[in-house]
Amino acid sequence: MGNHPTISVVAPVFNEEAILPEFYRRTSAALDALGEPWELVLVNDGSRDRTPQIMRELHAADPRVKVVDFARNFGHQVAITAGADYATGDAVVVMDADLQDPPEVIPDLLARWREGYEVVYAVRAERKGETWFKEFTAKAFYRIVYRITDIDIPMDTGDFRLMDRKVVDALKAMREKHRFMRGLSVWVGFRQTGVKYVRAERLAGETKYPLKKMLKFALDGITSFSYLPLQLATYVGFTIAGLAVLGIIATIILRLSGSEAFYGQATTLVSVLFLGGVQLISLGIIGEYLGRIYDEVKGRPLYIVREAVGFGEGA
Ligand code: UDP
Ligand code: MG
């Protein structure tokens, strides 16, 4: 159908009515300057404001804007997945709709792609207008995940990246429910490189990632790519058992030598409480993994689409 797009831009959108027209204006300007056919796939992640209407207006005015309308909020990572599923371009660029990822960086990503790189991720050289708390937790998060996961996820890199068609097709085969896209797109391999950029301030509105969602996201990232939390119970178990053996020997020696040290309830109480705590934490960690396994086993679809607009018949 029509002009096959070279570039697809995928943007997940959740309650961004204040930003969407400006996002379209700047993104389409950056893409038009490239002189290649493009499409913009907007995924409405169950917005409760005028976002879906604005999307349809944008599509009516410019059919290169296409809309995937979710039946409810499925979350940022799933919205990105759906956008990539629907995108048809030879290269797919994923970016936030709040203009924190400047569309003007797209030509840089594209240039590296032309050089033969199949994943070009955008690295935040600087973040503007972020609270110190967000910046600190984000930095800490990337460093922890980097250390304990089995793959080399580049630091200070969000979901803003360009992926070759081959990479997108590989991702399509990975339907896990708790998705950490920036990890998955590294896991697939291929030739990868980074491009530095300055992360801008959110144009308007508020972050859609409150602390609770951020924590869940961090847990998804860690559990998706590391067994270390599960193995922690083993390590702590061995350490405590070892200490206990030493304690037994020490106590026997103390008693045989007639010492009265370490009598009493306090020692007992403290060690029982400590062990109880460790056991509950270990159970909780197993629970985190178990819940995720349960979600996989249910085999539900990743997302439900109310309507897909602009993809032509059969898309
Ligand atoms: N978003 C989404 N679904 C959600 C939360 C966020 O599609 O449940 C979108 C949001 O509209 C934005 C992008 O994901 O385009 C990133 O969200 P946000 O800017 O709030 O995150 P932050 O930049 O503060 O980490
Ligand atoms: Mg943002």
Side-chain angles (χ1 to χ4, degrees), residues 8-27 40-55 58 65-87 92-103 105-106 121-124 126-142 145 155-161 177-182 185 197-221 302-306:
S8 302
V9 172
V10 166
V13 193
F14 179 51
N15 294 342
E16 308 282 14
E17 61 180 6
I19 301 179
L20 214 44
E22 179 62 10
F23 173 74
Y24 164 74
R25 203 192 56 73
R26 263 178 66 187
T27 308
L40 174 60
V41 180
L42 299 173
V43 183
N44 170 34
D45 188 12
S47 300
R48 286 178 285 267
D49 61 0
R50 287 197 64 247
T51 294
Q53 288 92 306
I54 298 171
M55 283 182 175
L58 289 173
V65 177
K66 300 165 186 185
V67 181
V68 180
D69 195 8
F70 275 2
R72 66 165 167 86
N73 179 265
F74 282 92
H76 179 210
Q77 300 290 300
V78 174
I80 292 174
T81 309
D85 289 346
Y86 277 85
V92 175
V93 176
V94 172
M95 59 193 294
D96 288 353
D98 59 358
L99 288 171
Q100 284 199 283
D101 305 332
V105 178
I106 295 175
Y121 47 85
V123 185
R124 299 160 184 165
E126 197 187 312
R127 298 172 79 121
K128 288 202 173 140
E130 217 83 79
T131 61
W132 70 266
F133 180 74
K134 175 103 185 183
E135 192 154 345
F136 172 78
T137 47
K139 284 236 163 187
F141 168 65
Y142 289 122
V145 170
M155 301 244 197
D156 302 320
T157 305
D159 291 306
F160 186 18
R161 64 189 60 219
K177 303 292 180 296
H178 296 268
R179 306 178 74 75
F180 191 60
M181 292 302 282
R182 51 195 84 167
S185 69
Y197 80 109
V198 176
R199 188 156 166 89
E201 230 170 299
R202 187 174 240 288
L203 188 70
E206 299 200 327
T207 174
K208 309 299 183 297
Y209 264 98
L211 187 62
K212 210 175 128 201
K213 263 198 200 169
M214 258 166 51
L215 279 176
K216 195 192 153 291
F217 184 58
L219 270 177
D220 282 346
L302 265 178
Y303 52 83
I304 308 283
V305 173
R306 172 185 295 122

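Hydrogens, waters and symmetry mates play no part in the numbers below; they use all other heavy atoms, side chains included. Atoms within a ligand are numbered from 1 in the order they appear, just like the ligands themselves. FYI, the numbering just counts along the sequence from 1.
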| Note, Arg202 side chain near Ile19 side chain (heavy atom, < 4.5 Å) | yes
| Partners of Lys134 by salt bridge (charged side-chain N to carboxylate O under 4.0 Å, His left out), sequence neighbours excluded? | none
| request: Kindly assign one of parallel, tilted or perpendicular to the pair Phe180 and Phe217, based on the angle between their ring planes and the thresholds 30° and 60°. | output: tilted
| Residue selection (non-hydrogen contact nearest atom 5 (C) of ligand 1) among Lys208, Glu206, Gln77 | Lys208
| note | Heavy-atom proximity to atom 23 (O) of ligand 1, picking from Glu16, Gln100, Met95, points to Gln100
| message | Quick test: of every protein heavy atom, which one is nearest to atom 8 (O) of ligand 1, and how far off is it to 0.1 Å? | response | Lys213 NZ, 3.0 Å
| said: For atom 1 (N) of ligand 1, what's the nearest protein heavy-atom neighbour? Residue, atom name and distance, please. | reply: Phe14 CB, 3.6 Å
| field | Interfacing atoms of ligand 1 (cut-off 4.0 Å, heavy-atom, Arg199) | value | 23 (O)
| field | Shell of protein N/O/S atoms around the Mg ion (ligand 2), taken as anything under 2.8 Å | value | Asp98 OD2, Gln100 OE1
| message | Can you name the atoms of ligand 1, numbered from 1 with element, that are less than 4.0 Å from a heavy atom of Gly75? | response | 3 (N), 8 (O)
| said: If you define the side chain from C-beta out and look only at heavy atoms, does anything of Leu302 sit under 4.5 Å from Arg179? | reply: yes
| message | Taking the side chain as everything from C-beta on, heavy atoms only, tell me whether Val65 gets closer than 4.5 Å to Met55. | response | no
| task | Using a strict 4.0 Å cut-off to heavy atoms of Asn73, name the atoms of ligand 1 that fall inside it. | result | 3 (N), 4 (C), 8 (O)
| remark: Applying salt bridge (charged side-chain N to carboxylate O under 4.0 Å, His left out) to Glu201 and not counting sequence neighbours gives none
| task | Look at atom 14 (O) of ligand 1 and say which protein heavy atom is nearest, naming residue and atom and giving the distance to 0.1 Å. | result | His76 CD2, 3.1 Å
| query | Can you name the residues that form a side-chain hydrogen bond (donor to acceptor under 3.5 Å, both in side chains) with Arg182, not counting sequence neighbours? | reply | Tyr142, Asp159
| Under 4.0 Å to a heavy atom of Asp98 - the qualifying atoms of ligand 1, by number | 19 (O), 23 (O)
| query | Is Arg199 salt-bridged to Asp96, going by a charged N under 4.0 Å from an acidic O? | reply | yes
| field | Which residue and heavy atom of the protein sit nearest atom 4 (C) of ligand 1, plus the separation | value | Asp45 OD2, 3.5 Å
| query | For atom 17 (O) of ligand 1, what's the nearest protein heavy atom and its distance? | reply | Tyr209 CD1, 4.0 Å
| query | Just wondering, do Phe74 and Ile304 contact through their side chains at under 4.5 Å, heavy atoms? | reply | yes
| message | With heavy-atom distances below 4.0 Å as the criterion, list the atoms of ligand 1 near Val13. | response | 7 (O), 11 (O)
| task | Report yes if the side chains of Gln77 and Pro12 come closer than 4.5 Å at any heavy-atom pair, otherwise no. | result | no
| message | Tell me whether Ala79 has any N or O atom under 3.5 angstrom from an N or O of ligand 1. | response | no
| When the ring centroid of Tyr209 is compared with that of His76, is the distance short of 6.0 Å? | yes
| task | May I ask you to identify the nearest protein heavy atom to atom 25 (O) of ligand 1, giving residue, atom name and distance to one decimal place in Å? | result | Lys134 NZ, 2.9 Å
| remark: Of all protein heavy atoms, the one nearest atom 9 (C) of ligand 1 is Pro12 O, 3.6 Å
| field | Where ligand 1 meets Ala97 - atom numbers and elements under 4.0 angstrom, heavy-atom basis | value | 15 (O)
| To the nearest 0.5 Å, how far apart are CG in Asn73 and CZ in Phe14? | 4.5 Å
| Under 4.0 angstrom from ligand 1, any heavy atom of Met214? | no
| query | Considering only protein heavy atoms, which is closest to atom 18 (P) of ligand 1, and at what distance to one decimal place? | reply | Arg202 NH2, 3.4 Å
